[in-house]
Number of protein chains: 2
Amino acid sequence: MKNAKTPLLGYALLGLIHLKPQSGYELRKTFTDTAMGNYSDSPGAIYPALKRLERDADVMSEVQEAGGLRRRRVYRISESGMAKLKAWLREPVAPEDVRRGADELLLRFSFMERVLGATACVEFLRNFASALPPYIEHLESFLAANSTVMPLSARLALENGIRGYRSMHEWSQYALQCFLELEGNQPQQRRTKVRQKGRPS
Amino acid sequence: MKNAKTPLLGYALLGLIHLKPQSGYELRKTFTDTAMGNYSDSPGAIYPALKRLERDADVMSEVQEAGGLRRRRVYRISESGMAKLKAWLREPVAPEDVRRGADELLLRFSFMERVLGATACVEFLRNFASALPPYIEHLESFLAANSTVMPLSARLALENGIRGYRSMHEWSQYALQCFLELEGNQPQQRRTKVRQKGRPS
DNA sequence: GTTGGCATGTAATTGGTTACATGATTGG
DNA sequence: CCAATCATGTAACCAATTACATGCCAAC
C-alpha cells in the first residue's frame, strides 16, 4: 500500500520552490553549494524531476525573458503542491527513517518551520529525539555482541555510526531548546501565516 | 570516462562475501539487522545484484542441498572479484565522497583491514581526517553567511550536518589511535593475512 | 575568438522499488 | 492445517546516472 511515493528529490525541489520561486539552474546550484549535496545536482535528474512536478500540477512554470541572459524557466509552487508538501512534512517520524540514515527526516525538518510553523517543529524534534535512543541501543548491543569477531576496521566503522547517531541526539536536544526559547520570547506572535486558512479567529 | 561503476550495493555484497561465503538470504539479513541498513535489504535488489556479480565472474555460486531446508545458493568471491574489491578499496579519498555523506567511504573502510591490511587503514584514516576540515569550514562559512536569512529549522538542519562531520573527524582521530596501537603491539606481524593463504583445509 | 559561466534540455542504459510467486520445513 | 521462517526468484515501472547537445553572453 506504499503508494505513489514522490521521490525525495521531488520533495526537496518542492520545498525549495516553496521558499521562493526559482529556476532549475538555481535549484541545481543550491544542491551543489550547500549541505544538500547528497541530492543529485545533475541536470539529467533535476530537469526531468521538475517536469514531473509540473505534469502533476504541483508546480507551475513561466519563462522569463529577463535582460540579456538566456531565458530562464521559473517554477513556483501550486496549491496542490503545497498540500503535498504539507502532507509529507506531517508524516510521523518512522523508526525505519532513522535506520536509513535520517537524511529524509532532516530534509523534512529544514522545511518544516516555514510550512508548518514552530510548534510542529517542536513536536517533530521530540519524536525524533525519542526515536534515536532505541536505535542507538540496538547498535550498541550488536557491537557488544560481535565486537570480538569483527575486524577492527568494521568495528570502528560501526562505532562511527553510533557516534553519528549520538551526535544527532544531542543536536535534537539543542534544537528543541532553540525552538522553545523562540516560542517563549514570542508567545503572542503567529509563527506561521496559515491562520487565515480556516477559522475566523 | 567514469566507466562501468559497479553500484555500491555490488561492492557491499562483494565485501561481505569476501569475509565469508554466504547465501543471498544471509546477506540480506546482514543488511536489515546491522548498521548497514542504508542498503537495500529487498530481494528485488539483492538477487539481481548477485546475478550481475556472477555474470561478471566476480563471484561464483554453488547450490547447497543441505539438510532439510530449501536449497541455498552460496556465493564465494573469485580472483577477479578480489581484484575489483581491492581496486575499489584503494581508490583515493575524494572530497566529493565526503560531500556526499561519506557513506561509501565508511563502507570501504569497514572492509579495508581484511583486504588491504592495517597500514592501508592508517593511510586511509589520515586522508579522511584531512579531507574533513576543509569541508566543515565550507559549511561553517556558508552558515555564517546565510544564517540570518535562513529559517531557524533550516539553519538547525545545517548545524546538524556540521556536527555530524565534526563527530566523524573526532572518530577518525580515535580510529587512527586504535590502529597505531595495534601496529605498535604487533610490529613483527604481517598485517595482511599472509598465513591465511596457505590454510590447511 | 575562444574560454567559461549561465541556462536548459534529451537519450540510452541501468539499477532499485514494489509487489507478487513459489516452495520447503517447523511449530502451534 | 495454518502460520511463520527460511530461501529464491521475477516483472513492471520508474528514476538516476552519464554523456551529449544547444545557445547566449561577458571578458580576456
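Chain letters run A, B, ... following the sequence lines, proteins first, then strands; residues in each count from 1.
For residues 45-57 of chain B, proximity to DNA chain C is found at B:Ala45, B:Arg52, defined as any non-hydrogen atom under 4.0 angstrom from a strand atom.
Per the geometry, CD belonging to B:Glu104 stands 13 Å off P belonging to D:dT17, to the nearest Å. Residue B:Gln22 contributes atom CD, which lies 11 Å from atom P of D:dT8 at whole-angstrom precision. Across the protein-nucleic acid pair, B:Leu8 atom CG and C:dT14 atom C1' stand 15 Å apart, rounded to whole Å. A straight line from CZ of B:Phe31 to C1' of C:dT17 spans 16 Å, rounded to a whole angstrom. A:Glu62 places its CD atom 17 Å from the C1' atom of C:dA7, with the value rounded to the nearest Å. Across the protein-nucleic acid pair, B:Arg28 atom CZ and D:dG9 atom P stand 13 Å apart, rounded to whole Å. For the pair A:Tyr11 OH and D:dA15 P, the computed distance is 12 Å after rounding to whole Å. Here D:dA7 presents its C1' atom at 12 Å from CG of B:Leu27, a figure rounded to the nearest Å.
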Dump every N/O contact between nucleotides 20-23 of chain D and the protein below 3.5 Å, one line per pair.
{"residue": "D:dT22", "atom": "O2", "partner": "A:Arg70", "partner atom": "NH1", "Å": "3.4"}

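Within 6.0 Å of the CD atom in A:Glu26, the count of heavy atoms belonging to other residues, nucleotides or ligands exceeds 12. The number of heavy-atom neighbours closer than 6.0 Å to CD of B:Glu123, taken from other residues, nucleotides and ligands shown, is 12 or below.
Taking the side chain as every heavy atom from C-beta outward, A:Glu91 and A:Asp97 never approach each other to under 4.5 Å.
The residue A:Gly24 sits close only to the backbone: its heavy atoms come under 4.0 Å of sugar-phosphate atoms, none of a base.
For B:Tyr25, no side-chain nitrogen or oxygen approaches OP1 or OP2 of D:dT8 to under 4.0 Å. Using a 4.0 Å cut-off, no side-chain N or O of B:Arg72 falls inside it from OP1 or OP2 of C:dA24.
With D:dC6, C:dG9, C:dG16 as the choices, the nucleotide that has an atom nearest any side-chain atom of B:Leu9 turns out to be C:dG16. When the nucleotides C:dT17, C:dG9, D:dT17 are ranked by their closest atom to the side chain of B:Arg100, D:dT17 comes out on top.
Separating the CG atom in A:Leu156 from the CG atom in A:Asn160 is a distance of 9.0 Å, to the nearest 0.5 Å.
Under a 3.5 Å cut-off, the side chain of A:Ser130 and the backbone N or O of A:Arg126 do form a donor-acceptor pair.
A salt bridge is defined here as a Lys NZ or Arg NE, NH1 or NH2 lying under 4.0 Å from an Asp or Glu carboxylate O, and B:Arg155 with A:Glu113 fails to meet this definition.
A cation-pi arrangement, defined by a distance under 6.0 Å to the six-membered ring centre and an angle within 45 degrees of its axis, is absent between B:Arg108 and B:Phe128.
Ring geometry for B:Phe109 against B:Phe124 counts as parallel: the plane angle stays under 30°, on a 0 to 90° scale with 60° as the upper cut. Between B:Trp88 and B:Tyr11, the two ring planes are parallel [angle under 30°; tilted spans 30° to 60°].
Comparing B:Val74 and A:Pro7 by the nucleotide of DNA chain D whose heavy atom lies nearest to each, the residue mapping closer to the 5' end is B:Val74.
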